[in-house]
Student: 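My questions will all concern the structure given below.
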2 protein chains.
Amino acid sequence: MGVTIKEIAVICGVSPGTVDRALNDRPGISEKTKAKIIEVARQLNYQPDYMARSLAKGRTMTIGVVLFDLYNRSFAQLMNSIEAECRRQGYFVDLVLTNKDPDNEKKCIEHLLHRKVDGIIIFAINYGEAFDHYLKSLNVPVVTVCNRVSGDWSYIGIDDRKAMKEAVQYICGKGYERFVYVCPPLSYRGKTNIFTQEERFAGCLEGLKECGIHEPPVIVTDKDYVGAIGRMSFGDGEPRTAIVCSCDIYALEVMNHLKGRGLRIPEDVGLMGFDNIDVLKYVTPALTTVEYDVEQFGLQAVRCAVEQIEQGSAAPVPLLPYRIIAGASI
Amino acid sequence: MGVTIKEIAVICGVSPGTVDRALNDRPGISEKTKAKIIEVARQLNYQPDYMARSLAKGRTMTIGVVLFDLYNRSFAQLMNSIEAECRRQGYFVDLVLTNKDPDNEKKCIEHLLHRKVDGIIIFAINYGEAFDHYLKSLNVPVVTVCNRVSGDWSYIGIDDRKAMKEAVQYICGKGYERFVYVCPPLSYRGKTNIFTQEERFAGCLEGLKECGIHEPPVIVTDKDYVGAIGRMSFGDGEPRTAIVCSCDIYALEVMNHLKGRGLRIPEDVGLMGFDNIDVLKYVTPALTTVEYDVEQFGLQAVRCAVEQIEQGSAAPVPLLPYRIIAGASI
DNA sequence: GTGAAAGCGCTAACAT
DNA sequence: ATGTTAGCGCTTTCAC
């Protein structure tokens with residue numbers, strides 16, 4: 001196929017070892033021969049064979065990325081920045097998608113191991129001690145993103161609990177006293193990794209408590225959450241109700257439903273999302289939500305992974321910033 | 001790291017060659033030794049080293065995927081199905097994102113070549129003879145998706161021209177006689193690959209012609225197309241105007257703008273999109289658009305690539321189906 | 001400063 | 001049916 005180190009060696013009248021020294025600027029070579037070899041390599045458009053190099057060095061320059069899917073815009077954004085940063089750092093990206101299936105996630109990881117990836121960035125769907133052990137047994141640097149597995153892994157994300165707490169406090173500040181909390185993933189408790197969702201939920205409860213709201217929120221974990229909301233009535237006088245959704249996507253569905261019922265937002269009922277996904281800009285009324293920079297997640301995740309790969313360990317990454325976006329739905 | 005073929009050979013008291021025969025069920029081995037070897041391999045949880053195999057066979061079992069980015073929901077969907085089908089077929093996916101930068105696209109392709117991918121699936125941003133030659137020089141199977149490069153490459157997509165033509169005929173059938181065609185990418189004519197957009201535009205013109213509309217459409221290729229639309233007036237009597245957008249995303253922006261101006265859709269002005277991106281379901285009024293199955297694109301692209309890789313060539317893939325979704329915006 | 005040689009783990013052609 | 005051997009292209013250690 002391509003031109004090899006050996007051919008260059010023959011042309012330059014040196015040994016393969018010397019060519020290697022020149023091309024990977026390692027010590028033990030005169031400037032003259034080095035320059036010559038580099039020039040010849042350039043002329044022949046020499047391209048190193050990464051497979052061969054991997055085999056010899058035991059490193060593949062590949063980072064495996066494990067995500068649910070790419071349907072959620074945030075994941076797409078995340079992947080986008082991971083790809084960019086990886087390529088910038090000279091790494092390849094091997095992407096596998098779990099479709100939120102825990103078994104499939106393991107298959108995905110196996111797939112990456114076959115590929116002998118140097119590190120893994122994962123938005124985990126599995127959780128618990130067994131999985132933690134499993135990950136450790138892989139003997140590969142792992143960076144967790146958006147969902148914690150255990151304290152033993154680098155984690156990139158925001159303080160979801162605190163963010164949701166502040167969001168709830170913000171809502172209380174607007175005079176709402178009744179709350180509905182929409183979070184279907186909570187029904188997967190014990191089945192899949194819902195760390196982040198649990199955090200947000202805990203934050204909600206904390207927020208209510210601090211605001212002195214004693215009436216517990218109505219918690220909707222139903223997969224058919226729109227149907228559940230459909231069975232509730234709103235807009236019939238004070239105190240007003242706020243529907244807090246753990247993700248914008250739920251909030252959008254709920255908004256659609258509320259509009260369909262002819263309810264006014266926020267006059268009849270308040271609505272809050274989380275994530276600030278970009279389609280919000282096409283939505284009226286503007287959804288109040290929590291924003292954070294997903295691209296930063298990707299960037300930090302790659303840096304953290306590379307640091308672990310190349311230095312053996314990485315400094316813990318601080319939780320990333322977020323902020324409440326005041327829309328018109330609360 | 002892992003257990004090797006050699007170790008298994010030693011344990012079983014046979015040669016590495018025999019182990020290879022057993023593990024890759026190749027002829028020339030007795031059932032007995034084969035069974036034994038397989039059993040030992042299983043017990044030791046033997047995992048073949050794909051790097052070594054690649055080096056020996058000259059094939060990497062990797063398909064490179066070149067996309068603009070993942071921001072457009074359709075690309076994400078596309079990538080999702082590509083990943084799924086690749087893994088099903090035992091291939092790895094190496095994803096690179098060009099961010100619509102022609103130079104970057106070449107870098108991305110080089111990146112894939114370094115990786116020695118067996119085939120490439122590309123939504124090309126480059127075009128023209130030079131690029132066509134370049135692709136040929138790579139000596140790797142290439143499948144083009146969503147944007148043609150030349151007739152020499154397998155292409156996966158719909159008949160955009162015909163689809164847009166039918167869409168325009170549909171609009172005419174609703175009594176519209178004035179047209180605005182929104183397609184910012186047309187301003188990149190001569191700079192990047194806008195094959196699909198050109199097709200849609202041509203389809204629009206053809207449709208108008210066949211419907212006997214002689215007044216040429218107002219063509220908006222301005223990057224600030226919303227601003228351009230903002231300088232036009234609508235709703236001032238018959239004949240009515242339809243704003244045809246070459247992608248839903250433009251239509252959504254325009255819709256936002258029109259609503260902001262207090263114009264009623266479709267009473268004052270009609271609006272048409274293309275692609276049926278999924279966020280449409282959150283939008284009122286429902287946007288009339290053209291739908292097709294992006295997942296099929298991915299599936300077919302992978303199959304076509306694999307066919308080329310494994311058989312040396314692939315049967316041409318027929319253009320995929322589409323259909324007009326009648327919303328409430330026309 | 002440079003060369004020779006032994007791998008990395010697997011495959012494949014050739015012996016036996 | 002099985003063993004032997006020579007690579008794949010690059011890295012790395014050890015001589016010179």
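Proteins get letters first, then strands, A, B, ... in listed order; numbering begins at 1 in each. Quick caveat: nothing in here was measured; it's all calculated off a predicted structure.
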Student: Return the 5'-most residue of the pair A/Thr33, A/Pro16 with respect to DNA chain C, ranking by each residue's nearest nucleotide.
Tutor: A/Thr33

Student: Please check the phosphate of D/dG3 (OP1 and OP2 only) for any side-chain N or O of B/Ser15 closer than 4.0 Å.
Tutor: yes

Student: Counting heavy atoms from C-beta on, name the nucleotide in D/dA1, C/dC10, D/dT12 closest to the side chain of A/Arg26.
Tutor: D/dT12

Student: Charged N to carboxylate O below 4.0 Å: is that the case for B/Arg53 and B/Asp49?
Tutor: no

Student: Whole Å only: how far is the NZ atom of B/Lys116 from the P atom of D/dC8?
Tutor: 14 Å

Student: Tell me whether the side-chain N/O atoms of B/Tyr50 come closer than 4.0 Å to OP1 or OP2 in C/dT11.
Tutor: no

Student: Only one of A/Asp20, A/Thr18, A/Ile5 passes side chain to side chain contact (heavy atoms under 4.5 Å, CB included) with A/Ile37; say which it is.
Tutor: A/Thr18

Student: Pick base, sugar-phosphate or nothing for A/Pro27, based on heavy-atom distances below 4.0 Å to the nucleic acid.
Tutor: nothing

Student: Given atom CE of A/Met61 and atom P of D/dT11, what is their separation to the nearest angstrom?
Tutor: 12 Å

Student: Hey, does the side chain of A/Thr4 come within less than 4.0 Å of D/dC8's phosphate (OP1/OP2), counting only N and O?
Tutor: no

Student: Apply the test salt bridge (charged side-chain N to carboxylate O under 4.0 Å, His left out) to residues B/Arg87 and B/Glu83: give CA-CA distance (whole Å), side-chain angles for both, the deciding distance (0.1 Å), then the verdict.
Tutor: CA-CA 6 Å; B/Arg87 198 143 45 80; B/Glu83 191 276 340; 2.8 Å; yes

Student: Counting only side-chain heavy atoms from C-beta out, which of C/dA4, C/dT11, D/dC10 sits nearest to B/Arg53?
Tutor: C/dT11

Student: Just the rounded figure in Å: distance from P of D/dA1 to CG of B/Asp25.
Tutor: 14 Å

Student: Indicate the ring-plane relationship of A/Tyr50 and B/His114, choosing parallel, tilted or perpendicular according to the 30° and 60° boundaries.
Tutor: parallel

Student: Can you measure A/Lys6 atom NZ to D/dG7 atom C1' for me and round it to whole angstrom units?
Tutor: 8 Å

Student: Between B/Lys32 (NZ) and D/dA1 (P), how many Å, whole number?
Tutor: 13 Å

Student: Would you mind telling me which of C/dT2, C/dG9, D/dT4 lies closest to the side-chain atoms of B/Asp49?
Tutor: C/dG9

Student: Using heavy atoms to find the nearest nucleotide of DNA chain D for B/Ala56 and B/Ile29 separately, return the residue whose nucleotide is more 5′.
Tutor: B/Ile29

Student: By nearest nucleotide on DNA chain D, pick out whichever of A/Met51 and B/Val14 is the more 5' one.
Tutor: B/Val14

Student: Between D/dT11 atom C1' and A/Leu55 atom CG, what is the distance in whole Å?
Tutor: 10 Å

Student: Rounded to the nearest Å, what distance is computed from the CG atom of residue A/Asp20 to the P atom of nucleotide C/dA5?
Tutor: 17 Å

Student: Consider the side chain of A/Thr18, meaning its heavy atoms from C-beta on, and name the nucleotide among C/dG9, C/dG3, D/dG3 that approaches it most closely.
Tutor: C/dG3

Student: Taking the six-membered ring for Trp and the single ring otherwise, decide whether the centroids of A/Phe195 and A/Tyr127 are under 6.0 Å apart.
Tutor: no

Student: Taking NZ from B/Lys57 and C1' from C/dC8, how many angstroms apart are they, rounded to a whole number?
Tutor: 18 Å

